Amino acid sequence: MNFTSTREALTSLSRSSAGVASAVLLSMLAAIALWTVFPDIDDENHLLEWLQALLLALACTVHGVRAWQEADRQSLRFLMHAGLCALLFGFLLRELDINQFGTAPAWAQLEKTLRVVELLILVRLLIFFAPRARKVFAVAPQLFSMHITILTAIGGLLMLAGWPFDKKVFHGMPDAYALLGEEVCELGAYLLLFLASLSDTTAAARISLASKKN
């Protein structure tokens with residue numbers, strides 16, 4: 001299967017709610033099944049974390065490319081993809097412990113530099129969003145009914161579902177199970193965010209955020 005057919009298959013999958021749900025559920029079950037054979041895959045910087053980082057990087061890249069390719073920079077579609085790209089870039093930096101990639105000072109410096117870049121991107125995005133905020137709030141009902149928004153929101157909730165495992169809220173649960181629960185929830189969440197990035201956003205492209213004087 002070549003790149004084009006793979007992209008078309010993933011795009012088609014992202015438009016099916018049942019397909020997305022099945023893919024996320026199967027990925028989580030597969031991770032659990034694999035853990036029973038290789039119990040170290042959920043350790044720091046092991047397989048599950050690398051898969052999470054890969055999915056986040058893919059989602060961030062897709063949003064970034066779609067924002068870059070959007071001809072109308074005053075459309076809601078541009079703001080959605082640019083905003084989600086910036087948000088997922090922050091998640092990716094949180095997921096990757098770049099300063100632990102090696103002992104050389106350059107790794108720690110790279111992480112600091114990327115975090116500064118992230119901050120600058122967020123500031124630029126806020127400056128872009130501020131004069132258009134009223135129009136975005138005015139179309140909130142349409143925005144929150146879009147497939148991409150729904151999938152992204154569910155992905156966020158699935159990320160939050162991993163928080164009780166991380167904080168060991170479930171008293172008496174072995175640490176190994178708590179760690180697995182957190183990593184599996186995050187894996188499913190990031191797959192969902194990646195599939196959401198492929199969603200059809202034609203409706204958002206038709207909503208202009210330009211001021212009347214433009």
Side-chain angles (χ1 to χ4, degrees), residues 2-3 6-7 10 24 27-28 30-32 34-35 37-70 73 78-130 148 152 155-156 158-168 175-198:
N2 57 35
F3 174 78
T6 300
R7 182 183 60 184
L10 289 172
V24 171
S27 71
M28 296 171 73
I32 295 172
L34 193 60
W35 176 82
V37 181
F38 304 103
D40 61 342
I41 63 170
D42 60 350
D43 289 348
E44 195 77 15
N45 293 325
H46 278 65
L47 179 62
L48 292 188
E49 285 204 347
W50 282 110
L51 286 175
Q52 293 166 11
L54 175 62
L55 290 169
L56 272 177
L58 288 172
C60 181
T61 300
V62 171
H63 280 303
V65 170
R66 296 185 73 177
W68 180 265
Q69 293 177 340
E70 177 56 44
R73 298 305 170 92
F78 172 76
L79 181 60
M80 287 175 63
H81 286 303
L84 288 171
C85 177
L87 180 65
L88 295 181
F89 181 63
F91 287 162
L92 180 59
L93 292 183
R94 184 185 69 87
E95 195 66 41
L96 290 176
D97 296 318
I98 299 175
N99 60 351
Q100 296 182 14
F101 284 1
T103 57
W107 289 113
Q109 189 60 43
L110 176 60
E111 181 170 7
K112 292 178 182 178
T113 301
L114 289 175
R115 293 197 181 280
V116 171
V117 170
E118 175 197 4
L119 179 61
L120 293 175
I121 291 173
L122 291 176
V123 170
R124 179 65 184 89
L125 187 63
L126 181 60
I127 293 173
F128 181 85
F129 171 77
I148 184 174
T152 300
L158 195 51
M159 287 176 62
L160 289 176
W163 180 85
F165 295 103
D166 181 39
K167 300 304 179 183
K168 298 180 173 58
D175 289 348
Y177 290 173
L179 178 60
L180 177 65
E182 177 193 1
E183 299 300 336
V184 167
C185 284
E186 289 186 351
L187 179 67
Y190 297 154
L191 175 58
L192 192 50
L193 292 176
F194 168 57
L195 293 175
S197 71
L198 299 168

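We count residues from 1, following the sequence as given. These numbers were taken from a predicted model, which means no experiment stands behind them.
- For the atom pair Leu55 CG and Phe91 CZ, the distance stands at 14.0 Å (nearest 0.5 Å).
- Heavy atoms only, all atoms of each residue included: Leu93 and Arg115 are closest at O-NH2, 3.1 Å.
- Every residue meeting the ring-ring contact (aromatic ring centres under 6.0 Å, His included) condition with Phe165, not counting sequence neighbours, appears here in chain and number order: Phe170.
- To the nearest 0.5 Å, atoms CE (Met80) and NE2 (His63) are separated by 8.0 Å.
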Please tabulate, one pair per line, all N/O donor-acceptor pairs under 3.5 Å involving side-chain atoms of residues 189-197, not counting sequence neighbours.
residue : atom : partner : partner atom : Å
Tyr190  : OH   : Arg94   : NH2          : 3.1
Tyr190  : OH   : Glu95   : OE1          : 3.1
Ser197  : OG   : Phe194  : O            : 2.5

Candidate pair Ile148 and Leu198, rule side chain to side chain contact (heavy atoms under 4.5 Å, CB included), full reasoning: CA-CA 8 Å; Ile148 184 174; Leu198 299 168; over 6 Å; no
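- Identified under the salt bridge (charged side-chain N to carboxylate O under 4.0 Å, His left out) test for residues 55-70, with sequence neighbours left out: Glu70-Arg77.
- Going from atom CD of Gln52 over to atom CG of Leu47 covers 9.5 Å, rounded to the nearest 0.5 Å.
- Residues Asp166 and Glu182 share a closest heavy-atom pair of OD1-OE1, 3.5 Å.
- In this structure, CG on Leu88 lies 11.0 Å from CG on Leu58, to the nearest 0.5 angstrom.
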Can you check side chain to side chain contact (heavy atoms under 4.5 Å, CB included) on Asp175 and Leu179, steps first, answer last? CA-CA 6 Å; Asp175 289 348; Leu179 178 60; over 6 Å; no
Dump the intermediate steps for side chain to side chain contact (heavy atoms under 4.5 Å, CB included) on Ile127 and Arg124, then the final yes or no. CA-CA 5 Å; Ile127 293 173; Arg124 179 65 184 89; 4.2 Å; yes
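- Counting heavy atoms from C-beta on, the side chains of Lys167 and Trp163 come closer than 4.5 Å.
- In plain terms, the two heavy atoms of Ala86 and Ile121 that are nearest each other are CB-CG2, 3.7 Å.
- Across all their heavy atoms, Leu48 and Ala31 have their closest contact at CD2-CB, 3.9 Å.
- Under the rule for a side-chain contact (heavy atoms from CB on, under 4.5 Å), the partners of Ala53 that lie at least two apart in sequence or sit in another chain are Leu92, Leu96.
- Shown here are the side-chain contact (heavy atoms from CB on, under 4.5 Å) partners of Tyr177, two or more places apart in sequence or in another chain: Trp35, Met173, Pro174.
- Atom-to-atom distance recorded for Glu186:CD and Glu183:CD is 5.5 Å, nearest 0.5 angstrom.
- For Phe128, the ring-ring contact (aromatic ring centres under 6.0 Å, His included) criterion is met by Phe78, not counting sequence neighbours.
- For the pair Gly188 and Met28, the tightest heavy-atom approach, listed with the atom from each and the gap, is CA-CG, 3.9 Å.
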Yes or no on side chain to side chain contact (heavy atoms under 4.5 Å, CB included) for Leu158 and Val24, after CA distance, side-chain angles and deciding distance? CA-CA 10 Å; Leu158 195 51; Val24 171; 4.1 Å; yes
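- Here the CG atom belonging to Leu125 is positioned 6.5 Å from the CG atom belonging to Leu79, to the nearest 0.5 angstrom.
- Residues Leu122 and Leu87 form no side-chain contact, since every pair of their non-hydrogen atoms from C-beta on lies 4.5 Å or further apart.
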